[in-house]
Amino acid sequence: QSPSSSHASPDVCALNPKAKVSDACASYADLDALNTKLHPYVRNLANNTDFFSYYRLNLYNKKCPFWSDENGLCGNIACAVTTLEHEEDIPAIWRAEELSKLEGPKAQHPGRKQQRERQRPLLGELGEGVGESCVVEYDDECDERDYCVPEDESASAKGDYVSLAENPERFTGYAGEGAHQVWEAIYRENCFSRPSPPSEKSQAAGGLQAPLPGFSQNQAQAAMDFRQVMKAHDRQQARKSGVIEEALEPEDECLEKRVFYRVISGMHAAISTHLCADYLNQTTGQWGPNLQCYKERLHSHPERISNLYFNYAFVLRAVGKLRDYVHDYTFCTGDPAQDGKTKQMIRTLASAIPSGPKIFDERVMFQDHTEDGISLKEDFRNRFRNVSRIMDCVGCDKCRLWGKVQTNGFGTALKVLFEFGNADEGVERPLLRRTELVALINTLDKISSALKAVEDFRAMMEAELEGKDPHATLEASKASAAAAATDPSRLINDTDDFPDFSDLDGLEEEDADTSTPPPQRPSISDQFWHEFEIVFRTFRWVLRSWAQLPKKLAAVLGLEMNRLWDFWLGKPVRERMWRLWRAPGREEL
Ligand SMILES: Cc1cc2nc3c(=O)[nH]c(=O)nc-3n(C[C@H](O)[C@H](O)[C@H](O)COP(=O)(O)OP(=O)(O)OC[C@H]3O[C@@H](n4cnc5c(N)ncnc54)[C@H](O)[C@@H]3O)c2cc1C
């Protein structure tokens, strides 16, 4: 029983493509269309740049601050014994412990002296081809506006650099009491300090189905929060359209609290999608999609899929707001070429995201600027920091890695959305650490890939209904899509042909973006090189014209002789086919 499954319709996936995702401003179909176009670019950015494909974190040296690790692994001693007995029966590679280990090279955070050697601060530990000046993160200070615990929080242990590309989020076998305890603790953070009205408490006690042991109160609370999302949204709409507010139910819950729940549940849904999409069949030893897993964890809980879409809108809006911020950001200190490419790629991606409140409108949150409003924001931030700390209780290396990356990614999205202010407000923008930017882009990549995987699972379900083999159908459609797909390596340099989103349903209206200023003017050096390129290409055109002159003169002479012949015979003289001079067209340069 999910915390929100009291709303789930078990037989149909009630996600009407035309419907707007609750609390976001775009429909499911709009977000799907956006994702289809943006997905290859996000993948490319996350996986093919040194800056975004390595993450620094303290993976092994932090203790779970909430309970002892032994309890975290398995609360029930019988369960531990049974699990171990079974684990020994299966080949090592299939054991949860093996599956959960990190793969690929690691590098330790360098000391200050090493950091000053900008070219090779990690001494080649991540491999020879890695641009270390893009990967290493210089020590910096924390900011009280952070929504999660920064990875460089502890001065003594600065952590390791790991490759995200070499440690994909997939099935690890991590399950049971340990995993449940972590999820439970995460959902518990959704109980905000603002007291709930008595009417709601009685509703919670009587209105919800009996939840599983260990999930009872928190998840019941969360389920109710989710239900209230709808009410808050209706109130917003009603206010806009002038409906008298008293006609609606009293405002007994706040939007912020529900957004918190949706973010967590959407993250949980993304993790479930990835583990179902890249699942180890322990009978055949093959990795691949597990349709049954999808049906049980996602399809039968449409609200979880809806939260996944909500997270997409939420994080996409934050990445869109980075458009001007990254203009002066240094991605690779010792490598201007890589720095320029990475910057160009992220700016191009950010510019392709519809601006303004077209996909998510953060301006409706934290609008209550009373004492209570400020404390609500504070509460929100502290609770998110706690979720980040809970990740140290995850007893599986790979799950912990991705749990930390994603909480940091959402924390960064919150920071960008709520601390960057509007362009016209002149708010001093907090600095984004390297780990924050990396986490944000990789979180977007995870959600974007999860939406793609959901699409694949839907196609598999349709195939199954038609009596076809779902796996074979998926393979065939992937093969044809791959043939038609753009070559990802090309995208590193290719930013001219970014898709146009003006065709998206309903996204054209109300472009009232006050938070995203117009793109910055190109720098003097950019302008210089742009002009230089035009002059160079014109010069090359002139040289080419001179080289072709003899051939052209011969052709002109031939044409003029034909005209003279026409005149001599008394026939109508054919038209002159050449011109003495014409300016070159842009396409010829
Ligand atoms: C931070 C973290 C990262 C993890 N990463 C991985 C990984 O990379 N690979 C891997 O194989 N396993 C991973 N796991 C384990 C995985 O998430 C499950 O816990 C595990 O597969 C057991 O699943 P389950 O069916 O028992 O339910 P769980 O997914 O553990 O869910 C527990 C309960 O929460 C409710 N619930 C489930 N989904 C949602 C949702 N979207 N919204 C609201 N409520 C929900 C349900 O009531 C469910 O019974 C991770 C766990 C954690 C805590």
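Residues: numbered from 1 along the sequence shown. We count ligands from 1, going down the list as the structure has it; atoms in each ligand are counted the same way.
By the 30° and 60° cut-offs, the orientation of the rings of Phe360 relative to Phe314 is perpendicular. Aromatic ring orientation, Tyr309 versus Tyr28: perpendicular (interplanar angle above 60°, classes split at 30° and 60°). Classified by interplanar angle (parallel below 30°, tilted 30° to 60°, perpendicular above 60°), the ring pair Phe384/Phe260 is perpendicular.
Taking a cut-off of under 4.0 Å to the non-hydrogen atoms of Tyr261, the atoms of ligand 1 that pass are 43 (C). Atoms of ligand 1 found under 4.0 Å from any heavy atom of Tyr174 (numbered from 1 in listed order, with element): 12 (N), 14 (N), 15 (C), 20 (C), 21 (O), 50 (C), 51 (C). Heavy-atom contacts of Ser265 reach the following atoms of ligand 1: 40 (C), 41 (N), 42 (N), 43 (C) (cutoff under 4.0 Å). Residue Val394 has at least one heavy-atom neighbour below 4.0 Å for each of these atoms of ligand 1: 1 (C). Within ligand 1, the atoms closer than 4.0 Å to a non-hydrogen atom of Ala269 are 41 (N), numbered from 1 in the order shown. Close approach of ligand 1 to Ala179 is summarised as follows: ligand atoms under 4.0 Å from at least one heavy atom of the residue are 19 (O). Counting atoms of ligand 1 from 1 in the listed order, those under 4.0 Å from a heavy atom of Val182 are 53 (C). If you number the atoms of ligand 1 from 1 as listed, the ones under 4.0 Å from a heavy atom of Glu169 come out as 8 (O).
No side-chain N or O of Asn307 forms a donor-acceptor pair with one of Arg304 less than 3.5 Å apart. Side chains of Asn35 and Tyr312: a donor-acceptor N/O pair is present below 3.5 angstrom, by distance only. Side chain to side chain, Arg400 and Ser100 fail the donor-acceptor criterion of an N or O pair below 3.5 Å.
For the residues Gly403, Ser272, Cys399, the heavy atom positioned nearest atom 4 (C) of ligand 1 is part of Cys399. Among His180, Arg304, Gln406, Met391, the residue whose heavy atom lies closest to atom 30 (O) of ligand 1 is His180.
Not a single heavy atom of Tyr279 sits closer than 4.0 Å to an atom of ligand 1. The closest approach between any non-hydrogen atom of Phe171 and ligand 1 is below 4.0 Å. Residue-ligand proximity: Gly176 is placed with every non-hydrogen atom at 4.0 Å or more from ligand 1. Residue Arg400 places every heavy atom at 4.0 Å or more from ligand 1.
Salt bridge Asp392/Lys63: absent, no basic N to carboxylate O contact under 4.0 Å. With respect to Glu455 and Lys452, a salt bridge is recorded, a charged nitrogen being found less than 4.0 Å from a carboxylate O.
Counting heavy atoms under 4.0 Å from ligand 1, residue Tyr187 touches it through the side chain alone. Within the 4.0 Å heavy-atom criterion, the part of Ile271 lying near ligand 1 is the side chain and not the backbone.
A 6.0 Å sphere centred on CD of Glu125 holds more than 12 heavy atoms belonging to other residues, nucleotides or ligands.
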Between Arg188 and Glu184, does a salt bridge (charged side-chain N to carboxylate O under 4.0 Å, His left out) hold up when you go through it step by step? CA-CA 6 Å; Arg188 196 184 300 137; Glu184 191 197 345; 3.5 Å; yes
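At least one N or O atom of Arg297, backbone or side chain, sits closer than 3.5 Å to an N or O atom of ligand 1.
Considering every non-hydrogen atom in both Tyr187 and Ile264, the closest pair reads CE2-CG2, 3.7 Å.
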